[in-house]
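Shown next, in structure tokens, is the structure this report addresses.
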Amino acid sequence: MSVVPPRKRFTLPHAPTLEPAAPGVWLMRGGVPLKTMNVYLIEDEGGVTLFDAGIEEMTEWIGEVADRMGGLKRVVLGHSHADHRGAAPGLGAPVYCHPDEVSDAESDGGAHYFDISKLEQAPARFLFPRMLPRWDGGPVKVAGTLAEGDQVAGFEVVHLPGHAPGLIGLWRASDRLMLGGDVIYTLDPQTTRFRNPGLPHPAFNWSTDGARQSARKLAELEPSIVWLGHANPIVGAVRDELLRVAEAA
């Protein structure tokens with residue numbers, strides 16, 4: 001499928017970008033100003049399934065592209081944090097998530113376990129409590145759940161708890177492709193600089209020890225590439241890199 005985004009809307013300076021991530025999978029990068037929020041449009045029997053929903057300001061962009069690809073069938077939340085559920089309430093499609101994420105998706109998006117005081121940099125401690133509400137489209141009504149081993153849009157659900165209790169990734173064994181959400185970060189959330197792969201920051205984790213275990217679990221799959229919820233994918237010696245992340249201090 002060839003996707004041509006609407007010309008006028010996608011040439012504005014702050015507009016998201018659209019690029020192929022893998023056969024049948026399109027990546028939209030959005031967010032002002034550095035476009036570090038990733039959402040994935042998966043071709044799905046004449047329409048698309050959305051994996052993660054970015055931030056609220058991306059709603060119109062996602063909706064336009066999904067319509068041009070045949071229509072949005074469902075939204076699958078990798079987890080329910082504000083920067084991943086933001087557009088979901090405004091897209092008019094049924095929302096699915098892991099059973100362990102339902103309560104947060106339908107309430108505060110997991111903010112009750114955030115500890116902003118753990119951020120080392122004062123500007124970040126000041127900005128995050130102000131940015132999170134701007135990113136968030138608010139609670140969603142969950143239409144159904146997806147657990148370990150379930151199939152959706154040609155992918156298998158993998159439960160990767162840690163950053164969030166119900167964090168899931170989507171795994172396609174045929175080409176060893178993983179859409180991993182926030183299981184790993186290649187972005188420093190305090191500076192927005194791209195970085196080498198590492199665990200999500202403890203300030204936003206439900207369980208950092210759980211995040212380590214999930215990095216090991218992901219390594220056991222031996223993926224060829226891991227696309228993430230922010231910034232760039234993990235490529236190359238992926239298994240070794242995941243194990244390094246899991247063992248790092």
Side-chain angles (χ1 to χ4, degrees), residues 5-6 9-10 12 14-18 26-42 44 47-69 71-114 116 127-146 152-153 163-170 179 181-182 187 189 192 200 203-204 206 228-231:
R9 291 185 53 73
F10 274 73
L12 295 173
H14 66 284
T17 58
L18 190 67
W26 295 82
L27 164 63
M28 182 182 289
R29 300 181 188 261
V32 175
L34 299 177
K35 300 181 179 136
T36 59
M37 314 295 184
N38 294 344
V39 304
Y40 298 89
L41 297 106
I42 304 169
D44 186 5
V48 290
T49 286
L50 186 73
F51 180 62
D52 273 345
I55 58 177
E56 185 178 22
E57 71 175 31
M58 297 173 70
T59 305
E60 286 188 64
W61 314 98
I62 294 169
E64 276 195 54
V65 171
D67 285 347
R68 292 168 69 91
M69 296 177 72
L72 184 59
K73 300 180 72 170
R74 65 181 71 82
V75 176
V76 175
L77 294 182
H79 64 299
S80 61
H81 293 178
D83 52 334
H84 296 271
R85 75 173 185 182
L91 289 170
V95 176
Y96 294 78
C97 66
H98 189 273
D100 293 346
E101 201 68 13
V102 172
S103 134
D104 289 343
E106 296 188 332
S107 59
D108 71 352
H112 59 276
Y113 55 75
F114 293 177
I116 301 298
L127 287 172
F128 266 100
R130 291 154 179 82
M131 290 190 298
L132 289 166
R134 288 193 59 185
W135 291 340
D136 196 3
V140 298
K141 179 62 180 173
V142 175
T145 58
L146 293 165
V152 60
H163 184 57
L167 192 146
I168 57 174
L170 299 183
L179 307 181
D182 277 2
L187 178 80
T192 68
F204 305 105
W206 173 69
L228 301 169
H230 302 277

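It should be emphasised that the depicted structure is a prediction, and the values quoted were computed from it without experimental measurement.
D182 meets the side-chain contact (heavy atoms from CB on, under 4.5 Å) test with H79, H84, H163, L167, Y185, H230; sequence neighbours excluded. Taking the ring pair (Phe, Tyr, Trp, His ring centres under 6.0 Å) definition, one finds that F204 meets it with F114, F128, sequence neighbours left out. Taking the side-chain hydrogen bond (donor to acceptor under 3.5 Å, both in side chains) definition, one finds that R29 meets it with E19, sequence neighbours left out. Taking the ring pair (Phe, Tyr, Trp, His ring centres under 6.0 Å) definition, one finds that H98 meets it with H159, sequence neighbours left out. For P129, the side-chain contact (heavy atoms from CB on, under 4.5 Å) partners at least two apart in sequence or on another chain are I116. Partners of E56 by side-chain contact (heavy atoms from CB on, under 4.5 Å), not counting sequence neighbours, listed by chain and number: T59.
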- request: Starting from the C-alpha separation in whole Å, work towards a yes-or-no answer on side-chain contact (heavy atoms from CB on, under 4.5 Å) for V65 and R68.
  value: CA-CA 5 Å; V65 171; R68 292 168 69 91; 5.6 Å; no

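Residue pairs meeting the side chain to side chain donor-acceptor pair (under 3.5 Å) criterion with at least one partner in residues 105-114, sequence neighbours excluded, are H81-Y113, D108-H112. Residue pairs meeting the salt bridge (charged side-chain N to carboxylate O under 4.0 Å, His left out) criterion with at least one member in residues 78-95, sequence neighbours excluded: R85-D136. Pairs of residues two or more places apart, or lying in two chains, never qualify as salt bridge (charged side-chain N to carboxylate O under 4.0 Å, His left out) while including a residue from residues 90-100.
The CG atom of N38 lies 5.0 Å from the CG atom of L27; values are rounded to the nearest 0.5 Å.
For the residue pair S80 / D104, no side-chain donor-acceptor distance below 3.5 Å is found, with atom types taken as modelled.
Under a 3.5 Å cut-off, the side chain of K141 and the backbone N or O of P94 do not form any donor-acceptor pair.
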